[in-house]
Structures are given as structure tokens and as C-alpha cells.
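In what follows, a single structure is set out as C-alpha cells and then discussed.
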Amino acid sequence: MNLPKKILTWYDNNKRTLPWRIRENSKKKLYYRILSEFMLQQTQVKTVIPYFNNFVKKIPNLKALSKSSEKQILKLWEGLGYYTRAKNLHKTSKILIKKYNGQIPESFVKLKDLPGIGDYTANVLLALIYNQPRIALDGNVKRVLSRLFNINTEDVLNLFKTRRNGDLAEALMEFGALICKPKDPRCHECKIKKMCAYYASESKVRLKRKIKIQLKSYDIFCYLKKNKKQIALTKNNDLGFLKKFNLPKIQETSKKNKNWKFLCNYKNSISNKKLNINLYYKFSTKIPSEYNWYSLNKNNEFIPSFTKKIFRQISHLY
Ligand code: SF4
């Protein structure tokens, strides 16, 4: 049995039941796959499942998504993080409905032109929806291929010829997630260990480590209303993350914080950054024109968890 056949047989017998795995080609399958691929960028399967189920309950198809408000989408995305994904998904749904009649383009280049779709997502969608012979190289698949051939290379795609391209793209990811795991590959139960160079080799090639987490220090300055439990927020921060979200003033740590009272220091992770936060405050009724007052308790608006954490710290003052 050749390699793709072995992996597909393993996949057929062992794949997980996931809510976005729909067999028949349909509009539902297209929508579920696009939505899940956006959610799965940077987030683990088990975290995505409840968000996905809730999302499709409220917004059941691509057309409904294109007509939803960004506010509604962000509310459903709340807690999943990396909110640019939600915004890009919304923009992409509008383009797909308007320009492509609710389908995805069959061209890799055109697909990659859509907001939030990079090489990986374009490859995986073309394989899953159009059965194109593409292998989507996420971390799992790169690891499987590197171990199998005991080399750090991506030039192995022509070894995977099959008619079930969509399934194979997914089978490789699934195999990497369940068997050829990052730390402890389950080689003893692996159906392709006889073909695996890593298994046979004494000098195993180490995979490149993941991107290093950056640690950065930021000062956050909160204007507060003394008797009303309110905080002033602005969309005017440009940090490269949480752009255009309501936040207090944030800047990289400096020593010129004389007019502010220090509240606390804590750590927060966001995207691939680890942030060291110094939180400052002052009670004031006057705020700069680009700020608006927000309640620390009740908000109908979407608030990123980064901001909620600030709210929690500030609440100790009242
Ligand atoms: S034998 Fe081990 S390292 Fe090789 S593919 Fe199987 S699980 Fe991965």
C-alpha cells in the first residue's frame, strides 16, 4: 500500500467527529469550512468547537454572515481572540456573496486576494472544496513530513498522489494532531512507521522551534469617573494589535508618568506577545475629545478580553 493510501485508511478509521466535517458538497459545507478555517487559525480544535457551534446557531449561512453587523460577529467571537480574523471573515463573506455568487474562486491567486486568506487557508480550502491536489502546510503537516523524510523540506508534495485530495489534506493534519504529535509521537501505533525515516534514524532532525514569544512592557493610563464606575476609552491607540478597539491609552513603558497613580502590574498574553502591563489611573471628569465614557459593569458592546482584564483591576478601586 502506498503512503497516501495508508494515511487515508488510518484517517477513515480514526478521524474525529468535528462539527464542520460535512461530506457532501453543499453550501453548508462551504460555509462551515470557511468559518472553521478562520477560527482554527491560531486556535486549538477543542477551543473552537463550542464557538463554532454557537456561531452557526446564530448565523447559519454565508449570506447571513455577509449581512450581519461587525458588532454581532465580534460579540460571537468574544473570548476566541485574534479579532482581526473575525473582521476579515466578515469582509470575505461579503466579497464571496457579491463577486463569486456565494462560492469560493477556484484560483489560488484569487482566493489569496481575499481578506484573511493566506497560503495555508487557500490551499486547505481548495483541497477540501474542489478536491484540488494541494497539501496545506500547517505546523502538524510540516512536522509529519519532516519526520517521515527526516529532512526539513516542503518539497515532498509530488509523493502524495491520490484522487482523494481533500481528504488527504485533512488526513495529514489529523495524523499530525493525533499520532505524529509534537512532543511524543505515537510511533508504536503508527501505520506508516516502516516508511518513516525519523523512526528508523538515529540522528533525528530537530524541527525548527516555534516563533519566540516577545515580552514587551506597556503602560496603560485610565481616566476614571469617581462616583460612576466609568472608564474613558478611545480607538486611537496604534499598537499593531487590538487596532481600532476601544481601549484606555496605551504606550510602551517610559518613565514620564508623573501625573498618574500606579495601580498594579500584571502579565497578559495577546497574539504571540507576552505583555508586562503597568496600570495607572486618575479620577477626572474631563477627558480628551477622542475618548468616550464606558461603564465598567454593563456594556452591550463587544469588549476584548484584554480590556476586560483592565476593567477587573480597576473595579478594585470602587
Ligand atoms: S513513525 Fe513516529 S515519527 Fe514517524 S510518522 Fe509515525 S508517528 Fe511520526
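Ligands are counted one by one from 1 in listed order, and the atoms in each one are counted from 1 as well.
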By number and element, which atoms of ligand 1 are closer than 4.0 Å to a non-hydrogen atom of [X]?
X	answer
Arg147	3 (S)
Tyr199	1 (S)
Lys193	1 (S)
Tyr198	3 (S)

Next item on the list: Measure up the Phe221 and Trp260 rings against each other and bin them: parallel (under 30°), tilted (30 to 60°), perpendicular (over 60°).
Entry: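 If you compare the ring of Phe221 with that of Trp260, the planes turn out tilted.
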
Margin query: Return the closest protein heavy atom for atom 6 (Fe) of ligand 1 as residue, atom name and distance.
Written below: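 Looking at atom 6 (Fe) of ligand 1, the protein heavy atom closest to it is Cys190 SG, 2.4 Å.
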
Note to self: Please list the nearest protein heavy atom to atom 2 (Fe) of ligand 1 with its residue and the distance rounded to 0.1 Å.
What the structure shows: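 Closest protein heavy atom to atom 2 (Fe) of ligand 1: Cys187 SG, 2.4 Å.
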
Check: N/O/S of Cys180 less than 2.8 Å from atom 2 (Fe) of ligand 1?
Finding: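 Checking Cys180: none of its N, O or S atoms is under 2.8 Å.
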
Checklist line | Test item: Lys87 side-chain N/O and Leu74 main-chain N/O as donor-acceptor pair under 3.5 Å | finding: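 No, because the side chain of Lys87 does not come within donor-acceptor range (under 3.5 Å) of the backbone of Leu74.
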
Next item on the list: Give a yes or no on whether a salt bridge exists between Glu170 and Arg21, defined as a side-chain N under 4.0 angstrom from a carboxylate O.
Entry: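 Yes, charged N to carboxylate O under 4.0 Å.
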
Notebook entry, point to check: So do the side chains of Ile59 and Gln72 get within less than 4.5 Å of each other, counting heavy atoms only?
Noted result: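 Side-chain contact under 4.5 Å: yes.
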
Notebook entry, point to check: Is there a side-chain contact between Gln41 and Tyr82 (heavy atoms, below 4.5 Å)?
Noted result: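 A side-chain contact under 4.5 Å is absent here.
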
Item checked: atom 4 (Fe) of ligand 1 to nearest N/O/S of Cys196 below 2.8 Å ->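 Coordinating: yes.
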
Next item on the list: Report yes or no: do Lys58 and Asn54 form a side-chain donor-acceptor pair below 3.5 Å?
Entry: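 Yes, because at least one side-chain N or O of Lys58 sits under 3.5 Å from a partner of the opposite role on Asn54.
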
